[in-house]
Trainee: 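Attaching a single structure in structure tokens format; questions to follow.
Just so it is clear, the structure is predicted and the values come from calculations on it, not from any experiment.
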Amino acid sequence: MNDEITLQRDVEAIAIPAGDKFTLEAGTSVGIAQRLGGNYTVFTPRGLVRIEGKDADALGMEVEASPQTPVANADGKVNEEAIWEQMKHCYDPEIPVNIVDLGLIYDCKVNPAETGQGHQVDVKMTLTAPGCGMGQVLADDVRQRVESVPGVTAANVEIVWEPQWNQGMMTEAARLQLGLM
């Protein structure tokens, strides 16, 4: 992609892979590396950063609509398939494959919420590399997407390191997309 764009206003950015937040100033020249999951990964004079989709106007683009909210099950139960579909809208900012197909989601359990209202979803996920500062950013993305599913009142996302992630955990489609087959 790498279209060169001049930022139209100051915008919050997250340094990749450190995860540090800072402000990119209006007038800064950036290049788009990828646009996935509603967010942007851009090249800047300070290195690779992520800009959230809500700030697309700073890039001179329209803010994209959020993925369609899943429909609730008629029986009132949480649609677990919808949870997985929502997680497929989360992307590692350096890899153009969603985190589900990358094999970063290790476990997803739906339980009645302790309040008795709705359901809590507990997700265990990992990262492609220990020490990646983007872990909390990705975990927050997952939590927000999961909580958008009807009937889910809370989501707990835990980053785990066992088993350690490796390329063999990716789906065949992900390996094909990345040229690893």
Side-chain angles (χ1 to χ4, degrees), residues 1-3 5 7 10-25 28 30-56 58-59 64 66-67 83-109 120-149 152 154-181:
M1 208 172 270
N2 206 6
D3 303 325
I5 295 171
L7 290 179
D10 290 357
V11 65
E12 184 176 274
I14 302 171
I16 300 170
D20 300 324
K21 292 183 180 181
F22 67 96
T23 300
L24 275 173
E25 295 180 3
T28 302
V30 302
I32 297 178
Q34 76 180 27
R35 178 184 353 189
L36 295 167
N39 298 305
Y40 299 84
T41 300
V42 299
F43 297 104
T44 74
R46 293 182 64 169
L48 203 58
V49 304
R50 175 179 152 163
I51 296 176
E52 292 190 20
K54 68 178 179 60
D55 293 316
L59 298 165
E64 293 179 22
S66 297
I83 292 170
W84 285 96
E85 283 304 312
Q86 285 297 100
M87 290 191 291
K88 284 185 176 184
H89 291 286
C90 298
Y91 288 82
D92 181 302
E94 296 177 288
I95 305 171
V97 174
N98 71 71
I99 64 171
V100 172
D101 288 339
L102 275 176
L104 299 182
I105 304 297
Y106 286 171
D107 192 34
C108 179
K109 290 190 172 142
Q120 176 170 320
V121 177
D122 295 309
V123 176
K124 288 186 180 179
M125 66 174 288
T126 195
L127 305 174
T128 57
C132 175
M134 295 300 290
Q136 192 57 54
V137 173
L138 289 172
D140 287 344
D141 279 353
V142 170
R143 183 186 50 73
Q144 290 171 4
R145 302 263 187 193
V146 170
E147 287 178 346
S148 75
V149 174
V152 175
N156 176 45
V157 181
E158 179 184 0
I159 297 176
V160 298
W161 301 108
E162 292 294 326
Q164 185 173 0
W165 181 87
N166 64 70
Q167 291 181 2
M169 295 172 166
M170 292 189 287
T171 64
E172 184 176 325
R175 288 193 300 275
L176 280 170
Q177 184 177 348
L178 295 173
L180 300 174
M181 290 185 79

Trainee: Lys109: what forms a salt bridge (Lys or Arg N to Asp or Glu O under 4.0 Å) with it, not counting sequence neighbours?
Mentor: Asp107
Trainee: Who are the side chain to side chain donor-acceptor pair (under 3.5 Å) partners of Glu147, not counting sequence neighbours?
Mentor: Arg143
Trainee: Enumerate donor-acceptor pairs with a distance under 3.5 Å from any side-chain N or O in residues 36-45 to protein atoms, sequence neighbours excluded.
Mentor:
unit_1 : atom_1 : unit_2 : atom_2 : d
Asn39  : OD1    : Gly53  : N      : 3.0
Thr41  : OG1    : Pro93  : O      : 2.8
Thr44  : OG1    : Arg46  : N      : 3.0
Thr44  : OG1    : Gly47  : N      : 3.2
Thr44  : OG1    : Gly47  : O      : 2.7

Trainee: Do any pairs count as a salt bridge (charged side-chain N to carboxylate O under 4.0 Å, His left out) and have a residue in residues 127-141, sequence neighbours left out, and if so which ones?
Mentor: Arg50-Asp141
Trainee: Between Val97, Leu176, Thr128, Leu180, which is the residue that forms a side-chain contact (heavy atoms from CB on, under 4.5 Å) with Met170?
Mentor: Leu180
Trainee: Check side chain to side chain donor-acceptor pair (under 3.5 Å) between Glu52 and all other residues, then give those that pass, not counting sequence neighbours.
Mentor: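 Glu52: no side chain to side chain donor-acceptor pair (under 3.5 Å) contacts found.
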Trainee: Considering residues at least two apart in sequence or located in another chain, which fulfil the salt bridge (Lys or Arg N to Asp or Glu O under 4.0 Å) criterion with Asp101?
Mentor: none
Trainee: Among residues two or more places apart or on two chains, list those pairs meeting salt bridge (charged side-chain N to carboxylate O under 4.0 Å, His left out) that have a residue in residues 172-181.
Mentor: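 Qualifying pairs: none.
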Trainee: What salt bridge (charged side-chain N to carboxylate O under 4.0 Å, His left out) pairs are there with at least one residue in residues 127-136, not counting sequence neighbours?
Mentor: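 Residue pairs with at least one partner in residues 127-136: there are none.
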Trainee: Could you pull out the closest heavy-atom pair between Val100 and Met87, with the gap in Å?
Mentor: CG2-CB, 3.7 Å
Trainee: What are the two closest heavy atoms between Ile99 and Asp92, and how far apart are they?
Mentor: CG2-N, 3.9 Å
Trainee: Using the rule given for side chain to side chain contact (heavy atoms under 4.5 Å, CB included), can you reason through Val11 versus Thr23, listing the C-alpha separation, both sets of side-chain angles and the distance that settles it, and then say yes or no?
Mentor: CA-CA 6 Å; Val11 65; Thr23 300; over 6 Å; no
Trainee: Side-chain contact test, heavy atoms from C-beta onward, threshold under 4.5 Å: evaluate it for Asn156 versus Val121 and give yes or no.
Mentor: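 The answer is no; the side chains never approach within 4.5 Å.
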Trainee: Output the distance between atom CD1 (Ile32) and atom CD1 (Ile5), rounded to the nearest 0.5 Å.
Mentor: 3.5 Å
Trainee: Using the test salt bridge (Lys or Arg N to Asp or Glu O under 4.0 Å), find all partners of Glu94 that sit at least two apart in sequence or belong to another chain.
Mentor: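 Residues passing salt bridge (Lys or Arg N to Asp or Glu O under 4.0 Å) with Glu94: none at all.
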Trainee: When the side chains of residues 157-166 are checked against the rest of the protein, which donor-acceptor pairs come out under 3.5 Å, sequence neighbours left out?
Mentor:
unit_1 : atom_1 : unit_2 : atom_2 : d
Trp165 : NE1    : Leu102 : O      : 2.7
Asn166 : OD1    : Gly168 : N      : 2.8

Trainee: Among all residues two or more places apart in sequence or in another chain, which pass the side chain to side chain contact (heavy atoms under 4.5 Å, CB included) test with Cys132?
Mentor: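 Here the qualifying residues are Pro17, Leu127, Met134.
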Trainee: Which heavy atom in Arg145 sits nearest to a heavy atom in Cys90, and how many Å separate them?
Mentor: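 Nearest heavy atoms, Arg145 then Cys90: CG-SG, 3.7 Å.
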Trainee: Can you sort out the partners of Gln144 under side chain to side chain contact (heavy atoms under 4.5 Å, CB included), two or more places apart, ordered by chain and number?
Mentor: none
Trainee: Looking only at heavy atoms, what is the nearest atom pair of Trp84 and Cys108, with distance?
Mentor: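 Heavy atoms of Trp84 and Cys108 come nearest at CZ2-CB, 3.5 Å.
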Trainee: Where do Asp55 and Glu12 come nearest, in terms of heavy atoms and distance?
Mentor: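 Between these two residues, the closest heavy atoms are OD2-O, 4.3 Å.
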Trainee: Which distance, rounded to the nearest 0.5 Å, do you find between the CG of Asp20 and the CD1 of Ile14?
Mentor: 10.0 Å
Trainee: Going from CG on Asn98 to CD1 on Ile105, what distance comes out if it is rounded to the nearest 0.5 angstrom?
Mentor: 9.0 Å
